[in-house]
Amino acid sequence: LDLIKLDDLSVIIDKMKEDHIARSQWRTFGHHLGIRPSTLHYTETMNRGDEDRILFYILKDWIIGNGRREPTWVNLVEALDDIGARRAAKEIQEQSTLRTATSLEYYKPLTVSDL
């Protein structure tokens, strides 16, 4: 399985922003990734209304293993498709295939301060 790494956060978030995904969909997206409701609630509480930060932490929590689904490119693409983010899903699928094939790093690691 091709696991997503924390360094991949920037490409994921960039593609989601390009697809104009409503940031208010973060809770549904988190559920599709298998993030526990208590984790989603904690993330929301700690980031009060800052949906960019909430999305960042949902993805980060999932990538480090705090979800019920493995942090794979396939699972990410499925979760994006499930919330109607088909363009982002398609582009991330293409990007993950390219990165796997070439092992090149196209994006710098994303940090909270970049949001």
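Taking Lys60 as the reference, Leu6, Leu9, Phe56, Tyr57 meet the side chain to side chain contact (heavy atoms under 4.5 Å, CB included) condition, with sequence neighbours excluded. Looking at residues two or more places apart in sequence or on another chain, you find a side chain to side chain contact (heavy atoms under 4.5 Å, CB included) between Arg48 and Thr45. Under the rule for a salt bridge (charged side-chain N to carboxylate O under 4.0 Å, His left out), the partners of Glu44 that lie at least two apart in sequence or sit in another chain are Arg27. Evaluation of the salt bridge (charged side-chain N to carboxylate O under 4.0 Å, His left out) rule for Arg36 yields no partner, not counting sequence neighbours.
The CG atom of Asn47 lies 10.5 Å from the CG atom of Asp52; values are rounded to the nearest 0.5 Å. Atom CG of residue Asp14 and atom CD1 of residue Ile92 lie 9.5 Å apart, to the nearest 0.5 angstrom. With values rounded to the nearest 0.5 angstrom, Leu40 atom CG is found 5.5 Å from Trp26 atom CH2. Expressed to the nearest 0.5 Å, how far CG of Leu33 lies from CZ of Arg68 amounts to 11.5 Å.
Considering every non-hydrogen atom in both Phe29 and Leu59, the closest pair reads CE2-CD2, 3.7 Å. Minimum heavy-atom separation, Asp50 to Arg53: OD2-CD, 2.8 Å.
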Report all side-chain donor-acceptor pairs from residues 74-83 shorter than 3.5 Å, counting only partners two or more places apart or in another chain.
from	atom 1	to	atom 2	distance (Å)
Asn75	OD1	Arg69	NH2	3.0
Asn75	ND2	Glu70	O	2.8
Asn75	ND2	Thr72	OG1	3.3
Glu78	OE1	Arg69	NH2	2.6
Asp81	OD1	Arg86	NE	3.4
Asp82	OD2	His32	ND1	3.2

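For the pair Ile13/Lys17, a side-chain contact is recorded, criterion being any heavy-atom separation below 4.5 Å from C-beta on.
Without hydrogens or angle criteria, Asp61 side chain to Ile58 main chain gives no donor-acceptor distance under 3.5 Å.
Taking Ile, Leu, Val, Met, Phe, Trp and Tyr as hydrophobic and joining them when side-chain heavy atoms fall under 4.5 Å apart, one finds Met46 in a cluster with Tyr42.
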